[in-house]
Amino acid sequence: MIKVLVVDDSPLVQQLLSHMLSQAEDIQVVGCAGDPYEAREMIKALSPHVLTLDVEMPKMDGIAFLRNLMKLRPMPVVMISTLTEKGAAITLEALALGAVDYICKPKHDLSTTLLEYQEELLEKVRLAASSRVHPPSPPPQIPTAPEGKLKNRLVAIGASTGGTEAIQRLVTPLPESFPPILIAQHIPAAFSASFARRLDSYARMTVIESQGGEIVKPGMVYIAPGHAHLVVERRGGHMFTALRDTDPVNRHKPSVDVLFDSVAEIGAKSAIGVLLTGMGRDGARGLMNVRQQGGYTLAQDEASCVVWGMPGAAVELGAACEQVHLDRMAGRLLQLLKSD
């Protein structure tokens with residue numbers, strides 16, 4: 001039985017979330033807290049397995065509470081976020097502090113039905129309960145780029161749950177001269193631009209949210225927007241980004257499989273595919289396609305994943321040439337791009 005504590009200052013949201021969660025036979029709502037101070041006492045008394053946490057509350061905001069929680073008693077937290085620019089920035093900060101996942105705040109104007117929202121909520125709470133909580137830690141040691149010029153190969157990265165922080169830890173140490181990187185991260189359309197800006201503020205490379213049609217060149221990181229599939233195309237001797245507004249693949253748009261398949265199609269022998277933490281199987285088949293077409297493939301190892309679903313599925317398929325710890329991934333990429 002998964003014990004859940006709902007932390008939200010709105011009695012209506014408390015009631016709605018509690019009702020939805022209580023419909024599941026494997027979930028028990030052990031209490032509702034209206035502010036972080038009340039939540040702190042209820043955590044001590046009730047020992048919940050998972051928290052749902054609103055970011056905007058009286059007395060102490062959710063970010064300050066989360067920061068203290070992860071220092072004193074790390075536990076799985078699902079953030080209840082608003083799909084706004086401000087909500088995106090706060091949610092990304094919460095993920096950096098150790099929150100496992102997020103879901104939008106329930107509203108009457110939801111684009112999904114309440115039943116669909118309930119299914120997503122239950123899925124995220126169950127996932128959080130089985131995830132590995134990684135409290136903030138010092139960034140990995142910045143690898144020194146090998147002497148000489150790096151090979152101009154294409155690097156494609158896919159991720160989902162836990163991916164925004166994993167991508168930041170991977171990309172931040174890479175040198176300005178690093179080959180181009182294309183990234184498909186499962187993320188809402190309202191969050192992808194904020195994610196790109198946040199990553200750009202940390203990275204040595206230049207990070208942008210792809211608009212489609214950009215020439216793919218070294219020193220650049222192209223993030224898939226949350227409303228479209230990101231692919232790479234070869235035209236006239238150059239590689240270009242392109243966006244496809246087609247149906248979701250594996251329930252996701254952007255889909256990692258779509259990105260990896262496009263890399264395999266244009267010539268995977270000059271590419272490296274990287275599959276990071278995430279729920280489900282998206283990217284596993286595409287990574288296998290990259291490997292079968294002559295590309296080199298890496299999967300994040302289980303110990304460093306928040307959720308080993310996607311990389312685990314790739315390993316199961318035999319799609320990964322190597323499993324690599326997240327904090328060694330940047331250094332391994334530099335080795336591969338310098339070696340024969």
Side-chain angles (χ1 to χ4, degrees), residues 1-70 73-129 131 133 161 164 186-191 194 226 279:
M1 185 68 72
I2 302 169
K3 298 193 295 183
V4 179
L5 177 65
V6 175
V7 186
D8 199 294
D9 66 317
S10 167
L12 181 60
V13 173
Q14 288 182 14
Q15 183 179 6
L16 183 58
L17 294 179
S18 296
H19 175 73
M20 289 180 171
L21 291 167
S22 297
Q23 300 302 303
E25 294 182 354
D26 59 334
I27 294 176
Q28 176 189 9
V29 178
V30 294
C32 295
D35 63 65
Y37 292 97
E38 186 179 358
R40 183 176 61 187
E41 298 307 313
M42 295 182 78
I43 290 171
K44 293 177 184 177
L46 301 171
S47 297
H49 301 128
V50 178
L51 256 64
T52 68
L53 178 62
D54 186 17
V55 294
E56 298 179 16
M57 292 182 294
K59 299 183 181 179
M60 181 193 298
D61 65 74
I63 291 296
F65 174 67
L66 182 65
R67 185 178 290 110
N68 292 335
L69 181 70
M70 288 301 168
R73 187 169 176 168
M75 62 186 303
V77 175
V78 176
M79 304 301 296
I80 307 297
S81 307
T82 53
L83 288 176
T84 63
E85 188 75 18
K86 180 181 178 183
I90 294 174
T91 302
L92 290 168
E93 184 177 356
L95 295 173
L97 289 172
V100 172
D101 208 344
Y102 56 89
I103 188 171
C104 66
K105 187 179 284 284
K107 290 184 177 180
H108 293 299
D109 59 350
L110 280 174
S111 58
T112 58
T113 66
L114 284 178
L115 181 58
E116 289 171 329
Y117 182 88
Q118 181 182 22
E119 290 175 351
E120 183 181 6
L121 176 65
L122 294 175
E123 183 178 50
K124 288 180 180 287
V125 166
R126 289 182 179 120
L127 179 70
S131 67
V133 177
T161 311
T164 55
H186 298 163
I187 199 168
F191 285 13
S194 290
M279 174 180 63

Colleague: Evaluate the side chain to side chain contact (heavy atoms under 4.5 Å, CB included) criterion for residues Val7 and Leu5: first the C-alpha distance (whole Å), next the side-chain angles of each, then the deciding distance (0.1 Å), finally the verdict.
Modeller: CA-CA 6 Å; Val7 186; Leu5 177 65; 4.1 Å; yes
Colleague: Do Pro48 and Val30 come within less than 4.5 Å of each other through their side chains, counting heavy atoms only?
Modeller: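 The answer is yes, as the side chains (C-beta and beyond) meet within the 4.5 Å cut-off.
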Colleague: If you round to the nearest 0.5 Å, how far is CD1 of Ile63 from CG of Asn68?
Modeller: 11.5 Å
Colleague: Tell me whether Glu116 contacts the main-chain N or O of Thr113 through its side chain, where contact means a donor paired with an acceptor under 3.5 Å.
Modeller: yes
Colleague: Kindly compute the distance separating CG (Leu127) from CD (Glu120), expressed to the nearest 0.5 Å.
Modeller: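 Reported to 0.5 Å precision, the distance equals 11.5 Å.
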Colleague: Mind checking the OG1-CE spacing from Thr91 to Met79? Nearest 0.5 Å is all I need.
Modeller: 6.5 Å
Colleague: To the nearest 0.5 Å, what is the distance between OG on Ser47 and CZ on Arg73?
Modeller: 4.5 Å
Colleague: Please check this pair: side chain of His49 against backbone of Ala129, looking for a donor-acceptor N/O pair closer than 3.5 Å.
Modeller: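 Judged by distance alone, no pair lies under 3.5 Å.
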Colleague: Do Phe65 and Asp54 have side chains that approach each other closer than 4.5 Å (heavy atoms only, starting at C-beta)?
Modeller: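 No, every pair of side-chain atoms sits at 4.5 Å or beyond.
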Colleague: Heavy atoms only: give me the nearest Val133-Pro74 pair and the separation to one decimal.
Modeller: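 Looking at all heavy atoms of both residues, the shortest contact is CG1-CB, 4.2 Å.
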Colleague: What residues form a salt bridge (charged side-chain N to carboxylate O under 4.0 Å, His left out) with Arg67, not counting sequence neighbours?
Modeller: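 If we apply the salt bridge (charged side-chain N to carboxylate O under 4.0 Å, His left out) test to Arg67, skipping adjacent residues, the hits are Glu93.
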Colleague: Let me see the working for Thr164 and Phe191 under side chain to side chain contact (heavy atoms under 4.5 Å, CB included), right down to the final yes or no.
Modeller: CA-CA 11 Å; Thr164 55; Phe191 285 13; over 6 Å; no
Colleague: Answer yes or no: is there a donor N or O on one side and an acceptor on the other, between the side chain of Gln28 and the main chain of Lys3, under 3.5 Å?
Modeller: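 A pair under 3.5 Å: no.
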Colleague: First locate atom CD1 of Ile80, then atom CD1 of Ile103, and finally report the distance between them rounded to the nearest 0.5 Å.
Modeller: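 Here the interatomic distance stands at 6.0 Å.
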Colleague: Of the non-hydrogen atoms in Ala128 and Ser131, which two are nearest, and what is the gap between them?
Modeller: O-OG, 2.8 Å
Colleague: Write down the atom of Val6, the atom of Thr52, and the distance for their closest heavy-atom approach.
Modeller: CA-OG1, 3.4 Å
Colleague: Does the side chain of Cys104 reach to within under 4.5 Å of the side chain of Thr82, using non-hydrogen atoms?
Modeller: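 Side chain of Cys104 against side chain of Thr82, heavy atoms only: no contact under 4.5 Å found.
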Colleague: Hey, are the side chains of Ile27 and Leu122 touching, using non-hydrogen atoms and a 4.5 Å cut-off?
Modeller: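 They are in side-chain contact.
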Colleague: Taking C-beta and beyond as the side chain, do Leu51 and Met75 meet within less than 4.5 Å on heavy atoms?
Modeller: yes
Colleague: Can Val13 and Leu17 be said to form a side chain to side chain contact (heavy atoms under 4.5 Å, CB included), step by step?
Modeller: CA-CA 6 Å; Val13 173; Leu17 294 179; 3.7 Å; yes
Colleague: For the residue pair Val125 and Glu123, establish whether any side-chain heavy-atom pair is separated by less than 4.5 Å.
Modeller: no
Colleague: Any side-chain heavy-atom pair from Val100 and Val50 closer than 4.5 angstrom?
Modeller: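 No - every pair of side-chain heavy atoms lies 4.5 Å or more apart.
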Colleague: Side-chain donor-acceptor contacts of residues 32-39 below 3.5 Å, not counting sequence neighbours, with atom names and distances?
Modeller:
from, atom 1, to, atom 2, distance (Å)
Asp35, OD1, Tyr37, N, 2.9
Asp35, OD1, Glu38, N, 2.9
Glu38, OE1, Gly34, N, 2.9

Colleague: Does Lys124 reach the side chain of Tyr102, with side-chain heavy atoms less than 4.5 Å apart?
Modeller: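 The answer is no; the side chains never approach within 4.5 Å.
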Colleague: Taking atom CZ of Arg126 and atom CE of Met279, what is their separation to the nearest 0.5 Å?
Modeller: 11.5 Å
Colleague: How far apart are the closest heavy atoms of Gln14 and Asp8, and which atoms are they?
Modeller: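 What the structure gives for the nearest pair is NE2-O, 2.5 Å.
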Colleague: Would you indicate whether Gln23, at its atom CD, is surrounded by more than 12 heavy atoms from other residues, nucleotides or ligands within a distance under 6.0 Å?
Modeller: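 Above 12, so yes.
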